[in-house]
Amino acid sequence: MIVLLSPAKSLDYESALPTRKATHPRALDRSEALIDVMRRKSPDEVADLMGISGELAALNVERYQAFSLPFTRRNARPALLAFAGDVYQGMAVRERFDERDYTEAQKVIRILSGLYGVLRPLDLMQPYRLEMGIRLATRAGATLYDFWGESITETINADLAESPGADMVVNLASEEYFRSVRPERLAAALVSPRFLDADSTGRYRMVSFFAKRARGEMAAWLVCNRVRGVRALREFDGAGYRYDQALSTPSTPTFVRDHTATQRPTADRTSEAVPQNL
């Protein structure tokens with residue numbers, strides 16, 4: 001089984017690391033090529049490209065300039081512990097994972113990234129912002145989908161081949177990031193869970209904030225319970241969700257929740273603090 005996640009805009013490069021395990025991204029040569037493109041852009045150009053404030057644009061221009069190899073524990077940190085958005089808050093790995101869980105996560109979780117392509121949880125990464133959906137022109141084409149081409153799908157298939165008996169890809173990524181995958185070329189069955197919350201009329205609908213948290217909850221549950229089969233997915237009951245057979249299909253298991261949390265959805269704010277050691 002391979003579980004796909006999106007990255008997050010919010011980053012954490014300050015908190016203590018709960019594990020010393022670390023690996024290196026497998027497409028750093030391509031990441032360097034993208035960094036070279038971004039280094040030629042001014043803060044105003046970055047702001048226009050990404051639709052962000054001038055302050056955030058300036059921060060990320062600094063990050064592109066600071067990007068350097070080799071990656072070490074002093075200038076980078078494992079992706080699973082660097083991303084801090086809603087999905088990763090839902091995972092709550094610092095509270096849930098022990099060393100064996102980090103090892104399991106390394107086997108099954110893959111994070112799709114505009115800069116790094118496919119990240120394993122323990123792959124070191126330096127802070128960045130480069131959403132997959134932006135129209136960034138490179139020699140490969142007009143978008144990052146053109147830049148990464150078939151390589152993301154090929155990497156996922158290679159990881160499936162290295163896991164005996166792996167016959168399922170669980171898509172917990174956003175539509176923006178999953179578009180970088182070629183579903184018809186995956187060497188395993190594709191399953192895309194849905195998470196729906198009841199509104200005031202009792203009808204179920206997808207609420208982005210809650211769905212992101214639920215994806216993280218499910219990803220952590222899959223790791224901690226060593227889930228391997230599609231039927232076992234139905235047992236997921238994290239954050240109050242339950243499997244709804246009537247709303248499900250074999251490729252889209254659907255989980256519903258009748259009483260949403262009292263917390264109101266909030267924006268996924270990007271951390272604007274650059275760690276002193278980067």
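For the numbers below, each heavy atom of this structure counts, side chains included, while hydrogens, waters and symmetry mates do not. None of these values were measured; they are calculated from a predicted model.
Checking S192 against T252 by side-chain atom types alone, no donor-acceptor pair falls below 3.5 Å. Between D244 and Y204, the side chains place no donor N or O within less than 3.5 Å of an acceptor N or O (distance only, hydrogens not considered). Side-chain atoms of S15 and R94 include a donor-acceptor pair closer than 3.5 Å.
With rounding to the nearest 0.5 Å, the separation of OG in S6 from CZ in F178 is 10.5 Å.
With hydrogens and angles ignored, the 3.5 Å screen pairs a side-chain donor or acceptor of Q126 with a backbone N or O of S68. Checking side-chain atoms of Q106 against main-chain N and O of R120 turns up no donor-acceptor pair under 3.5 Å. Side chain of N157 to main chain of R185: a donor-acceptor pair is present (N/O by atom type, distance under 3.5 Å, no hydrogens or angles). With N60 contributing its side chain and R129 its backbone, the two residues share a donor-acceptor pair below 3.5 Å. In this structure, N225 contributes its side chain and V227 its backbone to no donor-acceptor pair below 3.5 Å. Proximity of a side-chain donor or acceptor of K21 to a complementary backbone N or O of E99 within less than 3.5 Å is detected. At least one donor-acceptor pair closer than 3.5 Å links the side chain of H24 to the backbone N or O of F71. S180 contributes a side-chain N or O that, together with a main-chain N or O of Y177, makes up a donor-acceptor pair within less than 3.5 Å. In this structure a side-chain-to-backbone donor-acceptor pair under 3.5 Å is missing from N75 to L69.
The list of salt bridge (Lys or Arg N to Asp or Glu O under 4.0 Å) pairs with a residue in residues 151-164, not counting sequence neighbours, reads R26-D159, R110-D159. Screening residues 172-183 for salt bridge (Lys or Arg N to Asp or Glu O under 4.0 Å), with sequence neighbours left out, gives E150-R182.
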- Message: Set out, in order, the CA-CA distance, both residues' side-chain angles and the distance that settles side chain to side chain donor-acceptor pair (under 3.5 Å) for T23 and D123, then state yes or no.
- Response: CA-CA 4 Å; T23 50; D123 282 348; 2.6 Å; yes
Query raised in the report: Going through the checks in order, is the side chain to side chain donor-acceptor pair (under 3.5 Å) test met by R213 and Q89?
Result: CA-CA 7 Å; R213 292 291 183 100; Q89 291 177 35; 2.6 Å; yes
Verify salt bridge (charged side-chain N to carboxylate O under 4.0 Å, His left out) between R39 and E62, making sure each step is shown before the conclusion. CA-CA 9 Å; R39 279 176 173 162; E62 290 178 7; over 6 Å; no
| field | Residues T254, R194; criterion side chain to side chain donor-acceptor pair (under 3.5 Å); working and verdict | value | CA-CA 5 Å; T254 299; R194 289 192 304 166; 3.1 Å; yes
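A centroid separation of 6.0 Å or more is found between the aromatic rings of Y64 and Y128. Taking the six-membered ring wherever Trp is involved, the centroid distance between the rings of F236 and F255 falls below 6.0 Å.
Taken together through direct or relayed side-chain contacts under 4.5 Å among Ile, Leu, Val, Met, Phe, Trp and Tyr, L196 and F209 form parts of separate hydrophobic clusters.
Annotation: side-chain contact (heavy atoms from CB on, under 4.5 Å) contacts of R135 (sequence neighbours excluded): A142, T143. With sequence neighbours excluded, the residues satisfying side-chain contact (heavy atoms from CB on, under 4.5 Å) with D199 are T201, R203, R205. Legend: residues meeting side-chain contact (heavy atoms from CB on, under 4.5 Å) with K41, ordered by chain and number and at least two apart, are V37, M38, E45, V46, L49, L136.
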Identify all side-chain donor-acceptor contacts of residues 215-223 below 3.5 Å with residues at least two apart in sequence or on another chain.
unit_1 : atom_1 : unit_2 : atom_2 : d
E217   : OE1    : R96    : NH2    : 2.8
E217   : OE2    : R96    : NH2    : 3.3

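A 4.5 Å side-chain heavy-atom check between L190 and N171 finds at least one atom pair inside the cut-off.
Annotation: R226, atom CZ; neighbour count of heavy atoms from other residues, nucleotides and ligands within 6.0 Å is above 12.
Between R242 and D237 there is no salt bridge, since no side-chain N of the basic residue sits under 4.0 Å from a carboxylate O of the acidic one.
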